[in-house]
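Lettering follows sequence order; numbering is per chain, from 1.
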Amino acid sequence: MRKMQKGLFYLIWVTDRNPIIFQKASLVLPLLRYICRSFTRSSALLTRTHINYGVRGDVAVIRINSPNSKVNTLSQELHSEFMEVMNEVWSSSQIRSAVLISTKPGCFIAGADLNMLNSCTTSQEVTQISQEAQKMFEKLEKSTKPVVAAINGSCLGGGLELAISCQYRIATKDKKTVLGSPEVLLGILPGAGATQRLPKMVGRPAAFDMMLTGRGIRADRAKKMGLVDQLVEPLGPGVKPPEERTIEYLEEVAITFAKGLADKKITPKRDKGLVEKLTSYALSIPFVRQQIYKKVEEKVRKQTKGLYPAPLKIIDVVKTGIEQGSTAGYLSESQTFGELAMTKESKALMGLYRGQTQCKKNKFGAPQKEVKQLAVVGAGLMGAGIAQVSVDKGLQTILKDTTLPALGRGQQQVFKGLNDKVKKKTLTSFERDAMFSNLIGQLDYRGFEKADMVIEAVFEDLNLKHRVLKEAEAVIPDHCVFASNTSALPIGEIATVSKRPEKVIGMHYFSPVDKMQLLEIITTEKTSKDTTASAVDVGLRQGKVIIVVKDGPGFYTTRCLTPMMSEVIRILQEGVGPKNLDSLTTSFGFPVGAATLVDEGGVDVAKHVAENLGKMFGERFAGGSLEVLMQMISKGFLGRKSGKGFYIYQEGVKNKNLNSDMDSILASLKMPSQPDVSSDEDIQYRLVTRFVNEAILCLQEGVLATPAEGDIGAVFGLGFPPCLGGPFHFVDLYGAQKIVDRLRKYETAYEKQFTPCQLLVDHANNPNKKFYQ
Amino acid sequence: FSDFRMISLLTYTLKNLPNTSKWALRFCMRPLSSSSQLQAAAASQTKSKKTLAKPNIRNIVVVDGVRTPFLLSGTSYKDLMPHDLARAALSGLLHRTSVPKDVVDYIIFGTVIQEVKTSNVAREAALGAGFSDKTPAHTVTMACISSNQAMTTAVGLIASGQCDVVVAGGVELMSDIPIRHSRKMRKMMLDLNKAKTLAQRLSIISKFRLNFLSPELPAVSEFSTSETMGHSADRLAAAFAISREEQDEYALRSHSLAKKAQDEGLLSDVVPFKVPGRDTVTQDNGIRPSSLDQMAKLKPAFIKPYGTVTAANSSFLTDGASAVLIMAEEKALAMGYKPKAYLRDFMYVSQDPKDQLLLGPTYATPKVLEKAGLTMNDIDVFEFHEAFSGQILANLKAMDSDWFAQNYMGRKAKVGLPPLEKFNNWGGSLSLGHPFGATGCRLVMAAANRLRKEGGQYGLVAACAAGGQVFSICFTCVTDKTSYL
């Protein structure tokens, strides 16, 4: 589950609207020119929109470039044009081989067209789509004229399935060139033959890894795995733009290989290493195979807790192909693909994916002045994290603290974060050093006069934040944005001491900043649109998924979490042990157990938030007693950071033990449990419904602008189960009425804390009302 | 005279490029089409050419320069140490110029891969060569342009009036390179050194692991990008769409021209070197004109299997040393020398070490010309460092491209092509060899000697180096002062 969650965080794939590929506008025009380059012969060039092709000697060069889109997707149109072209290739006596290439910068084919899947209403329709693709790729695989896939940029999902059906693959060794099967992250499986071809090509362990984690594989690793046959280095400046020339060069190299294959001077088979040979020998023994399937299934069950059907189905389909032959395998693939596409889990994940795409855009437009110099005040865990995700994107950043040891700790955190990437070989040590030199650590406000944005990340204390704001405003220029990183202090209150409240905004990062994708931006009534645009712009550059919410106690995320946390404490007080509670929450789909979450976040923080929001929202936020947290704090049980909380944390010890000293605290504050609302399922729903109800109230009150932001915030910031798609998808997919019924049941036991909000009731009363139409 | 020269150059070019390929023809056509103008211009300019002298700056001259024969690594010099080679160059210079040792104010040498025992190789070599122990010496390093740096340091010392007579040179011995113990092993050895008791020693030794013994070689790749230079050259050639055939043809040109120069005795900067325990080495041994067919058989050396840079179209690992005697003009004249050339404007530039590692000459050439107030047409002799055929051809293409000039150099129009008939006419690093630290002085002496031989006025040297840095210098032949002749 944790892995799945992580998978989601690092998700890199795509529909035709995903702006993952940034291209300098100045480079696009010459590229268009390149694409229009004339051929020695071209057939019906103008009648096709996605593909054009021509012949170089006896090699057909097939170029893909879908119009009006940053990426190529395997749509029905592209599909049929490709088939048309291939038929011409096969029937031409002049052509002996072919090269398949994309002229779109940074993208080969980024996957199947999701809209095509979403428009299907039955699993049969989806199966049909899958079977058509299977047929096409089978024809391609059996082509007597060798086809070389020349891959530059993302080659994902259906794109990868197309590539592995070709006889040969050449990829650019570019950071943008990523190969992968991310379908599992959308709750489906690769439905165009990858479940059958991939295991044969890269071996079962690697194929399972690719299809079950959805991880993207970079070109050099793909070469080692046998996923691609040759690498081409990206080129620098020549007499035309590097991107353009690199694609041209890739094409030239691919043409020589296509010729070589047609002349039988090159064989597509590669030498397998000893380990690979041994593995494939071992896998030829049925008993070993069964053991492996069993092991993989066990691992998947453990990680998905049965909440995600796709991974197990993928194993099934692969198994069918190997044990019963490829006809059965392909049939199983297409049928399972159809079934999975209709599951709630898949709809939830696809919804999340669309939401994520939306939250990667700046709907406030480009800021008047781009932030070039950032200053972060407070070098604690958050401040240093913010600095890290800024300097590694090339943003000049000042990190300020008040004491040298505190500053040094923060600088070390940034260095370690970067150095870990060197160890993982995603950065070179030189790149690390260059990034680290974007960071300037200091104890005073020197250089703040040139800052375009200040993000303060000092302790959650209003007076301190006021002091920092006043100190900064004494130095910073007029245009400089002042952002406050806080999880609960209202931004409006922080802005009261500001001379220019229109420049004050909230930027709520999540810990650890370099791992958590979410950024919650909070605007007050006075915050100007340009200030918001600037904050969103910086957040996007830091690689964040962004929701923009209105100011209010706890904003959106903290506000949703607090009533759930209150319920967590009550459940513990009612006698459910932390371990039991953790397993109940994780089995519901939360990546981290509820008791562990308190420990991780810090007991003092939890208490602080519960106290503050409790005052603001009154009885709705009641439940467990604050006394539990207060006693924990008095004994120094602050959670992971102090080594003790509900659990005991020791360096290097993986399995944490319960903190037995908690027993007396919980015993002394014991509450009677109410048997009719205390079944395992009830406990799960008491937690989730309070969360969901508060989220919907946030939309009702206008704190949230859209349900999509609510879902993204809940999943990416708070670990709301991704399989449920976030609170709003959850209500849509499982039915508002069912949730209201649950809430009413708990309302009778606990009163106001479970009273469903008006918007939720409206949805329950009208089944046609959906958050997502 | 100039008519004759042009014709002989042409016939020569045609003769020496066995395949009168498209490529060769393209370059041959150029002088044909413009020769009449050139002749006219040359005739009218002979008297009016500028000296490039600057007011209030001392004129600085190269009196003469020598080098040891450049040899393939692992051949006759393989048992020497770098300072032995450097000493040979210094002795050769003393012998050639008969400069009194005590007149020399300073000695500077360039080197790249340092022998740790003689990290200031300039001093060790100078002492051994019998220079006065009162003459200070230091060593500089700047990759393949280290001895250029030595020379320009000398220029600085003379121009600022600190010195009058400086010897600058460079040395590289690739037959022996410092291979180190691994960092872990070194750390253990150092710790052992500090340990006082047997128990301490044993506890340190107990941490020994077999992998400590794996040695550490000097990096062959660019530190900042981890890319080897050959790899970068192959990518550069691809970026400029330079074919394998073009590269092989250029390499063949270099070898053919070098062979001719060697046979005709033009490489007068070479001084024989009696290697202890071996025969006297009298000439470069890397000049090997082959045939295009032979060269076409080689496999790519860096980007396999489809790259275009091969052993035949790259410079090879070389041992060698060079030295030049640089003086203030008035000092040289007072001592009765007839100097070979004035050292004039020079310039170092640097750019992106990843994608433009070897493109420096394109950037540096127009800048140094502008600084000197000259145009490409004024230059009579070009000496460019040939690291790889592909690198030279890429630079030529870049210089001939408006697009490149506009998008990467901030210029309105292209730099323009150096005419190939004036370009590396006596061979280059591809054929003569490239001892990293010593090449700079060879380039300058080749240009100076060519100016004399060919009767030209202005020379231009450009050389690229690791780290994306480049050196270029303009200088004038001393023939404009008839008094020296």
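The parts of A241(B) that come within reach of chain A are both its backbone and its side chain, each placing non-hydrogen atoms under 4.5 angstrom from that chain. With a 4.5 Å cut-off on non-hydrogen atoms, V239(A) touches chain B through its backbone and its side chain both.
More than 12 heavy atoms of other residues, nucleotides or ligands lie within 6.0 Å of CZ in R432(A), so this atom counts as buried by the packing criterion. In K184(B), the NZ atom is not crowded: 12 or fewer heavy atoms of neighbouring residues, nucleotides or ligands sit closer than 6.0 Å. Around atom NZ of K393(A), more than 12 heavy atoms belonging to other residues, nucleotides or ligands sit under 6.0 Å away.
In this view, E222(B) and S224(B), T225(B), P353(B), L357(B), A466(B) satisfy the side chain to side chain contact (heavy atoms under 4.5 Å, CB included) rule, not counting sequence neighbours. Take K421(A) and apply the side chain to side chain contact (heavy atoms under 4.5 Å, CB included) test, not counting sequence neighbours, and it matches D392(A), T426(A), L427(A). Listed by chain and residue number, F240(B), L359(B), T362(B), F404(B) satisfy the side chain to side chain contact (heavy atoms under 4.5 Å, CB included) test with A398(B) (two or more places apart in sequence, or in another chain).
Contact annotation for residues 231-238 of chain A against chain B (heavy-atom separation below 4.5 Å, listed by residue number): L231(A), V232(A), E233(A), P234(A), L235(A), G236(A), P237(A), G238(A).
Distance OH/Y306(B) to CD1/I266(A): 12.0 Å, rounded to 0.5 Å.
Counting all heavy atoms, side chain and backbone alike, P305(B) lies closest to Q230(A) at CD-OE1, 3.4 Å.
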